Every structure is written in C-alpha cells, then in structure tokens.
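A short write-up of the structure that comes next.
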Amino acid sequence: MAEKITLEGAAQSLLVSQSALQQTFRDKLGVSFYRFVTQRRLIAAKNLILEGQPLTSVGEQVGFSDYSTFYRAFQKEYGVSPSQFRKRNRPANG
C-alpha cells in the first residue's frame with residue numbers, strides 16, 4: 001500500500017481504459033477508484049495502529065504523502081483521530 005497507486009497505472013496493468021476501470025469501481029463497489037484505494041489504506045493503517053506502530057510513521061507506511069494528509073483522511077473516515085482510535089482500542093490491562 002505504500003507505493004503510489006494511480007488509476008492510469010492500474011488500468012494499464014489490467015489492460016483496460018481508465019474510464020472503464022473507473023466505471024467498474026462505481027458500478028460494482030459504489031465508490032471511485034481513488035476512494036477505494038484510500039479506504040484500503042485506512043484499513044491497513046488501523047491494523048498498524050493496533051499493532052502499536054508509531055502514529056507518525058503509519059500514514060507513510062500505507063501510502064499517504066505526509067502525516068497531516070493521513071490524519072485528515074483518518075479523522076474524516078472514522079470520526080476520531082489516529083491517537084483517539086488507539087486509545088479507544090487499547091487492550092485492557094489485568
């Protein structure tokens with residue numbers, strides 16, 4: 001997930017046009033190609049956060065350009081910051 005994923009690159013890999021790929025994502029999944037990629041990155045980020053990875057590096061590990069971009073996307077998707085998510089999902093002691 002850390003590598004750059006583009007509609008153009010995915011379409012070339014699948015030997016289809018960009019518009020056909022975009023339309024397929026909208027028809028079958030109800031989201032744009034880029035929204036799908038962002039959602040997958042955020043799911044991967046949640047897993048890394050739960051594994052205890054440093055918050056400052058999680059976004060980069062899953063393909064966001066910087067922490068600020070990752071933070072905004074995470075908060076928009078889940079309604080909490082990455083640190084709030086970690087606190088709420090921390091295993092209970094004892």
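What you see is a predicted model, and the numbers here were worked out from it, not measured in a lab. Just so it is clear, the values below take in all heavy atoms, side chains as well, and ignore hydrogens, waters and symmetry mates.
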Under the side chain to side chain donor-acceptor pair (under 3.5 Å) test, which residues partner Ser57, sequence neighbours left out? Gln61
Name all pairs fulfilling the side chain to side chain donor-acceptor pair (under 3.5 Å) condition that reach into residues 5-16, sequence neighbours left out, sorted by first residue then second. none
For Tyr34, the ring-ring contact (aromatic ring centres under 6.0 Å, His included) test, sequence neighbours excluded, returns none
Starting from the C-alpha separation in whole Å, work towards a yes-or-no answer on side chain to side chain contact (heavy atoms under 4.5 Å, CB included) for Arg41 and Ile5. CA-CA 11 Å; Arg41 285 183 168 154; Ile5 300 171; 3.7 Å; yes
Over all atoms of both residues, closest heavy-atom pair of Pro54 and Arg86: N-NH2, 4.4 Å
ring-ring contact (aromatic ring centres under 6.0 Å, His included) partners for Phe33, two or more places apart: Phe25
For Thr24, the side chain to side chain donor-acceptor pair (under 3.5 Å) test, sequence neighbours excluded, returns none
Might you point out which heavy atoms bring Leu42 and Ala73 nearest each other, and give the distance in Å? CD1-O, 3.7 Å
By side chain to side chain donor-acceptor pair (under 3.5 Å), which residues pair with Gln39, not counting sequence neighbours? none
Residue list, side chain to side chain donor-acceptor pair (under 3.5 Å) with Ser19, at least two apart or on another chain: Ser17
Does this structure show an ion pair linking Lys46 with Glu51, if we count only N-O contacts that are shorter than 4.0 Å? no
Of all heavy-atom pairs between Leu21 and Ala11, which one has the smallest distance, and what is that distance? CD2-N, 3.7 Å
Leu55 versus Ser83: any side-chain heavy-atom pair under 4.5 Å? yes
Scan the side chains in residues 62-70 for donor-acceptor partners under 3.5 Å anywhere in the protein, sequence neighbours excluded, and list what turns up.
unit_1, atom_1, unit_2, atom_2, d
Asp66, OD1, Ser68, N, 3.2
Asp66, OD1, Thr69, N, 2.7
Asp66, OD1, Thr69, OG1, 2.8
Ser68, OG, Arg72, NH1, 2.5

Which pair of heavy atoms, one from Phe74 and one from Val80, lies closest together, and at what distance? CD2-O, 3.3 Å
If the condition is side chain to side chain contact (heavy atoms under 4.5 Å, CB included), which residues does Asn47 pass it with, not counting sequence neighbours? Ile43
Per the salt bridge (charged side-chain N to carboxylate O under 4.0 Å, His left out) rule, what does the pair list look like for residues 11-32, sequence neighbours excluded? none
